[in-house]
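Since this is a predicted model, take the numbers as computed values, not measurements.
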Amino acid sequence: MSNEESQPAPRWVTDHESGHSEWYVQRFRSLAAQGADLEGEARFLDAILPRHARVLDAGCGPGRVGAALHSRGHSVVGVDIDPILLAAAKEDHPGPVWLQADLATMDLSALGESDPFDAAIVAGNVMTFIAIGTGSQVLRRIAAHLKSGAAIAVGFGRDRGYDISTFDIDTQEANLTLEHRFATWDLRPWTIASDFAVSVLRTP
């Protein structure tokens, strides 16, 4: 049995009923049409990136974050396990490369993307949608595609079944260093009472 065949399915797959992905795509298309600000995560990462950086959008969904980074001049590869979300990304946001893979097992060199990345972003509560118990594995696979000293920006809500203390253990097990933590993508100060966490990790 291959590694992918034995890998537990992400919670994005197991916890949602049929039609959820289509609803998710339409939700963000509607927000974009209404003029909502959907680029906060991209602004955050752009502020700590060199110009024309190579960025991995891990758990890219329908592509809003990767597209915003691409519009700022970065080279973006987005990865997601959901083919419906990826189809929307390709339709709505030409420019970045959109690839299908499970973050826990991804090998982008096998998909034609062998060059290491300057940074990665893991937005949209992605870490709460991976398979339970695979946090350190996902972080290791992301880090394996990055340059030494690269940043990984990770944001998720604390009310979604993935505790911040578990994330910190997963970070340590993945041999990553926690460099900064904020309560929001717009840099509000972190406290233990914050209901959202934005963490900046560094590869060795």
So, do Pro62 and Asp92 sit near enough that their side-chain heavy atoms are less than 4.5 Å apart?
no
Is the shortest distance from a Lys or Arg side-chain nitrogen in Glu39 or Arg64 to a carboxylate oxygen in the other one below 4.0 Å?
no
Of all pairs that satisfy salt bridge (Lys or Arg N to Asp or Glu O under 4.0 Å), the ones with a partner from residues 164-173, not counting sequence neighbours
Asp168-Arg181
Please list, chain by chain and in numerical order, all residues satisfying side chain to side chain donor-acceptor pair (under 3.5 Å) with Gln172, sequence neighbours excluded.
none
What pairs with Thr184 under side chain to side chain contact (heavy atoms under 4.5 Å, CB included), at least two apart in sequence or on another chain?
Asp186, Arg188
Pairwise distance CZ(Arg29) to CG(Leu38) - rounded to 0.5 angstrom
13.0 Å
With sequence neighbours left out, write down each residue that passes side chain to side chain donor-acceptor pair (under 3.5 Å) with Asp82, or none if nothing qualifies.
Trp12, Ser21
His20 vs His16 aromatic rings, parallel, tilted or perpendicular, using cut-offs 30° and 60°?
parallel
State which residues pass side chain to side chain donor-acceptor pair (under 3.5 Å) with Arg43; sequence neighbours excluded, sorted by chain then number.
Asp37
Validation row: Thr203, Leu176 side chains within 4.5 angstrom (heavy atoms):
yes
If you look only at pairs with a residue in residues 47-77, which of them pass as a ring-ring contact (aromatic ring centres under 6.0 Å, His included), with sequence neighbours excluded?
none
ring-ring contact (aromatic ring centres under 6.0 Å, His included) filter on His180, not counting sequence neighbours, yields none
Non-neighbouring partners of Phe156 that pass ring-ring contact (aromatic ring centres under 6.0 Å, His included), sequence neighbours left out:
Tyr162, Phe167
Checking side-chain polar atoms at under 3.5 Å, does Ser30 have a donor or acceptor matched by the opposite partner on Gln26?
yes
Taking atom CD1 of Ile132 as the centre, does the number of heavy atoms from other residues, nucleotides or ligands within less than 6.0 Å exceed 12?
no
Applying side chain to side chain donor-acceptor pair (under 3.5 Å), can you list everything that pairs with Ser18, at least two apart in sequence or on another chain?
none
Applying side chain to side chain contact (heavy atoms under 4.5 Å, CB included) between Leu56 and each of Ile121, Val76, Leu108, report the one that passes.
Leu108
Does any N or O in the side chain of Arg54 come within less than 3.5 Å of the main-chain N or O of Asp115, such that one atom is a donor and the other an acceptor?
yes
Picking from Ile48, Leu201, Val200, Ile152, what satisfies side chain to side chain contact (heavy atoms under 4.5 Å, CB included) with Glu179?
Val200
Verify whether the ring centers belonging to Phe182 and Trp190 lie closer than 6.0 Å.
no
Yes or no on salt bridge (Lys or Arg N to Asp or Glu O under 4.0 Å) for Arg27 and Glu22, after CA distance, side-chain angles and deciding distance?
CA-CA 9 Å; Arg27 175 193 177 200; Glu22 291 86 349; over 6 Å; no
Can you find a pair of side-chain heavy atoms, one from Phe28 and one from Leu85, that are under 4.5 Å apart?
no
Would you please name every residue forming a ring-ring contact (aromatic ring centres under 6.0 Å, His included) with Phe117, sequence neighbours left out?
none
Atom CD in Gln137, atom CD1 in Ile142: separation rounded to 0.5 Å?
11.0 Å
Sequence neighbours excluded - salt bridge (Lys or Arg N to Asp or Glu O under 4.0 Å) pairs with any residue from residues 138-147
Asp118-Lys147
Applied to residues 88-110, the ring-ring contact (aromatic ring centres under 6.0 Å, His included) test, sequence neighbours excluded, yields none
